[in-house]
Number of protein chains: 2
Amino acid sequence: MPENLSASLEDYIESIAELTGSSGVTRAADIADKMGVSRPSVTVALRALASRGMVNYKPYSTVSLTDKGRKHAAVVLRKHRILSRFFNEILGTDVELADSAACKVEHAIGEEITDRLVDFLAFIDNCPMAAEGGFEFNSRKRQSFREKGATNEKD
Amino acid sequence: MPENLSASLEDYIESIAELTGSSGVTRAADIADKMGVSRPSVTVALRALASRGMVNYKPYSTVSLTDKGRKHAAVVLRKHRILSRFFNEILGTDVELADSAACKVEHAIGEEITDRLVDFLAFIDNCPMAAEGGFEFNSRKRQSFREKGATNEKD
DNA sequence: AAGTAATATTAGCCTCATCTAACTTTTGTC
DNA sequence: GACAAAAGTTAGATGAGGCTAATATTACTT
């Protein structure tokens with residue numbers, strides 16, 4: 001029972017977290033549909049997550065996260081959200097690209113980078129200078145730094 | 001002969017690019033040493049890269065990049081460098097962490113995100129406001145936005 | 001309560017990326 | 001120029017992650 005999750009297993013636990021709404025429960029078929037993988041792949045992933053104590057799994061039954069699994073999912077989802085916000089709000093990409101890039105990058109950054117990204121976004125949100133005229137790549141103002149002539153030559 | 005490179009093959013081509021200095025040539029053993037993998041793994045990777053037209057490879061001989069390989073390496077190295085700078089100069093992590101995070105993230109972002117990151121860094125570099133007192137997470141001034149009270153509560 | 005539809009698992013196969021051990025080729029040294 | 005050392009490759013294994021086809025279980029419907 002190893003402790004660490006591969007990128008793939010992190011994707012599974014993330015999807016499971018999003019699928020278990022009020023009921024706290026989801027099914028293998030829903031996971032397969034959401035992730036675009038086959039049902040047998042889900043079975044294998046579920047066993048791997050169960051062996052790590054991340055999900056409650058019994059064959060032919062519904063699936064739920066354990067406390068440990070919920071905590072792990074929260075870590076991944078936090079990375080996803082901050083990255084998506086950074087790509088969209090700071091870099092000015094559209095929401096879809098921001099989200100799909102976040103999906104990949106979330107498996108590649110650790111806690112320190114994540115924490116600093118969170119601080120950075122909070123700083124921009126609270127920065128009086130960013131709120132005014134001169135520095136407006138503030139929240140929801142897309143592409144603003146690009147419009148200000150960020151590039152050196154062309155334009 | 002597929003066209004796309006996996007994260008692993010991108011790492012190989014990146015290392016080869018860094019090892020082929022003035023001579024334009026390197027050896028399998030050097031690649032293995034640099035990357036911390038076994039020599040047979042290098043042989044396999046070299047064959048995969050050769051089949052994609054990225055390296056000049058003959059058994060028992062030296063290795064060099066083709067034009068195509070050099071171009072591909074440049075794309076990856078550009079991502080690496082801009083990410084490393086972002087993590088270090090903007091987020092304020094130490095150089096080692098910035099570099100190791102860049103190593104992983106470089107395989108997860110595409111051209112659009114990279115372009116925007118390049119523009120963003122250029123903007124910060126040229127921003128008069130960032131150069132003065134109020135907004136100094138400018139080049140090489142590490143952790144500056146954190147020192148300014150970026151976090152909301154604690155501190 | 002029986003039978004069908006839906007859901008899940010097993011079995012068997014594939015690719016990628018890695019490894020160790022054994023073998024081959026090249027290199028360099030006397 | 002022969003032979004040992006260094007370098008490279010082949011052979012064979014492993015593990016993760018995915019797939020399809022076939023089988024098993026559960027659930028619904030009448």
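Lettering of chains follows the sequences in order, A, B, ..., and the numbering in each one begins at 1. Reckoned from all heavy atoms, side chains included, excluding hydrogens, waters and symmetry mates. Model, not experiment: these values are computed from the prediction.
- The CG-C1' distance, from B:Leu49 to C:dA17, rounds to 13 Å in whole Å.
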Please walk me through it: do B:Val76 and B:Lys79 pass side-chain contact (heavy atoms from CB on, under 4.5 Å)?
CA-CA 5 Å; B:Val76 180; B:Lys79 289 178 190 177; 5.6 Å; no
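- Using cut-offs of 30° and 60° on the angle between ring planes, the pair B:Phe86 and A:Phe86 is tilted.
- The pair B:Asp67-B:Arg70 meets the salt-bridge criterion, with a side-chain N (NZ, NE, NH1 or NH2) lying under 4.0 Å from an Asp/Glu carboxylate O.
- Computed from coordinates, the A:Met35 CE to D:dG18 P distance equals 7 Å when rounded to whole Å.
- Taking the side chain to side chain contact (heavy atoms under 4.5 Å, CB included) definition, one finds that A:Ser61 meets it with A:Lys58, sequence neighbours left out.
- With a 4.5 Å cut-off on side-chain heavy atoms, B:Lys104 and A:His107 do not count as touching.
- In this structure, A:Val25 and A:Thr20 have side chains that are not in contact, with every pair of non-hydrogen atoms separated by 4.5 Å or more.
- In this structure, CD1 of B:Ile31 is placed 15 Å from P of C:dA17, rounded to the nearest angstrom.
- Under the 4.0 Å criterion applied to side-chain N and carboxylate O atoms, A:Arg78 and A:Glu106 are not assigned as salt-bridge partners.
- Each end of the helix from C:dA1-D:dT30 to C:dC30-D:dG1 gets its own axis, taken as the rotation carrying the C1' atoms of four end pairs onto the next four within a five-pair window, and the two axes meet at 0° to the nearest 10 degrees.
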Between protein and nucleic acid, restricted to nucleotides 9-14 of chain C and to nitrogen or oxygen atoms under 3.5 Å apart, what atom pairs and distances do you find?
residue : atom : partner : partner atom : Å
C:dT9   : OP1  : A:Tyr57 : OH           : 2.4
C:dT9   : OP1  : A:Tyr60 : N            : 3.4
C:dT9   : OP2  : A:Thr43 : OG1          : 2.8
C:dT9   : O4'  : A:Tyr60 : OH           : 3.2
C:dT10  : OP2  : A:Arg47 : NH1          : 2.6

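- For B:Lys34, the salt bridge (charged side-chain N to carboxylate O under 4.0 Å, His left out) partners two or more places apart in sequence, or in a different chain, are B:Glu18.
- Along DNA chain D, the nucleotide nearest to A:Ser6 and the one nearest to B:Ala29 differ in position, and the one closer to the 5' end is contacted by B:Ala29.
- For the pair B:Asn4 CG and C:dT15 P, the interatomic distance rounds to 18 Å; values are reported in whole Å.
- Grouping Ile, Leu, Val, Met, Phe, Trp and Tyr residues whose side-chain heavy atoms lie under 4.5 Å apart, directly or via other members, places B:Met54 in a hydrophobic cluster with B:Leu5, B:Leu9, B:Tyr12, B:Ile13, B:Ile16, B:Leu19, B:Ile31, B:Met35, B:Val37, B:Val42, B:Leu46, B:Leu49, B:Val55, B:Tyr57, B:Val63, B:Leu65.
- The line from CZ of A:Phe123 to CZ of A:Arg116 is 14.5 Å long, rounded to the nearest 0.5 Å.
- In the region residues 8-23 of chain A, proximity to DNA chain D at under 4.0 angstrom, judged on heavy atoms, holds for A:Ser8, A:Tyr12.
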